[in-house]
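Note on naming: letters A, B, ... go to the chains in the order of the sequence lines (proteins, then strands), and numbering restarts at 1 for each one.
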Amino acid sequence: SAVISQKPSRDICQRGTSLTIQCQVDSQVTMMFWYRQQPGQSLTLIATANQGSEATYESGFVIDKFPISRPNLTFSTLTVSNMSPEDSSIYLCSVAGTAVAKNIQYFGAGTRLSVL
Amino acid sequence: SQQGEEDPQALSIQEGENATMNCSYKTSINNLQWYRQNSGRGLVHLILIRSNEREKHSGRLRVTLDTSKKSSSLLITASRAADTASYFCATAAGYNAGNMLTFGGGTRLMVKP
């Protein structure tokens with residue numbers, strides 16, 4: 001399995017500010033994903049972070065609001081920009097394509113974001 | 001959008017009882033996976049069943065898959081208080097590394113001691 005470190009674990013932010021979430025994996029992985037989980041809901045995929053190129057966003061999510069970087073095969077960041085209370089959620093990164101189990105996704109512990 | 005629908009949405013049982021959760025999906029899949037999430041934390045992979053498999057076991061977990069009905073079930077036998085969590089099914093359309101998963105709505109399981 002892969003060990004994923006996601007930071008910060010939680011934050012309380014003011015409306016209009018931005019927060020960058022980091023995701024670090026202990027081994028090189030093929031794919032990295034970012035999800036949003038609103039309170040009491042399931043996971044919604046925001047985007048696939050592509051190494052060395054622009055992320056692939058799902059319907060309803062745009063780069064200006066959720067810019068993503070992936071400079072190498074073990075690290076990615078998600079920024080939540082110009083936040084509003086509607087952005088209060090848990091944000092999760094996951095990875096897939098490890099040497100051991102290519103079809104399983106491994107998740108970070110999540111970032112619990114509250115926007116005031 | 002979510003492909004999977006899970007039922008029940010919430011389930012409360014006594015320790016020692018069995019818990020059964022069901023998942024239905026809409027499109028063809030290559031595999032279906034079950035994940036557990038404790039208290040809004042990250043998800044933990046439990047088990048993967050491929051489209052050509054009908055049943056799979058892992059410890060106290062038993063998963064079935066009926067591709068003709070586009071449904072799966074997760075059975076947890078002899079439940080423990082530590083099994084209290086949300087359980088999600090997730091479907092994958094392909095078999096390549098990193099194929100996207102589409103998650104169901106989840107079942108919140110509470111096991112009372």
Mind checking the [atom1]-[atom2] spacing from [X] to [Y]? Nearest 0.5 Å is all I need.
{"X": "B:M100", "Y": "A:E58", "atom1": "CE", "atom2": "CD", "result": "5.0 Å"}
{"X": "B:S86", "Y": "A:Q41", "atom1": "OG", "atom2": "CD", "result": "11.0 Å"}
{"X": "A:Q6", "Y": "B:R41", "atom1": "CD", "atom2": "CZ", "result": "10.0 Å"}
{"X": "A:F107", "Y": "B:Y35", "atom1": "CZ", "atom2": "OH", "result": "5.5 Å"}

Do [X] and [Y] belong to the same hydrophobic cluster, where Ile, Leu, Val, Met, Phe, Trp and Tyr are linked whenever their side-chain heavy atoms lie under 4.5 Å apart, directly or via other members?
{"X": "B:I29", "Y": "B:W34", "answer": "yes"}
{"X": "B:L32", "Y": "B:I76", "answer": "yes"}
{"X": "A:I90", "Y": "A:I68", "answer": "no"}

Original post:
Below 4.5 Å, heavy atoms only, C-beta onward: do A:L43 and B:L43 meet side chain to side chain?
Top reply: yes

Original post:
Does the side chain of B:Q33 come within less than 4.5 Å of A:Q105's, by heavy atoms?
Top reply: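 A side-chain contact is absent here, since even the closest heavy-atom pair is not under 4.5 Å.
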
Assess whether atom [atom1] of [X] is packed by more than 12 heavy atoms of other residues, nucleotides or ligands within 6.0 Å.
{"X": "B:R80", "atom1": "CZ", "value": "no"}
{"X": "B:E55", "atom1": "CD", "value": "yes"}
{"X": "A:I12", "atom1": "CD1", "value": "no"}

Subject >> Structural part of A:S9 lying under 4.5 Å from a heavy atom of chain B >> reply: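 When you check distances to chain B, no heavy atom of A:S9 falls under 4.5 Å.
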
Subject >> Side-chain (A:S42) to main-chain (B:G106) donor-acceptor, under 3.5 angstrom >> reply: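 No; zero donor-acceptor contacts below 3.5 Å.
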
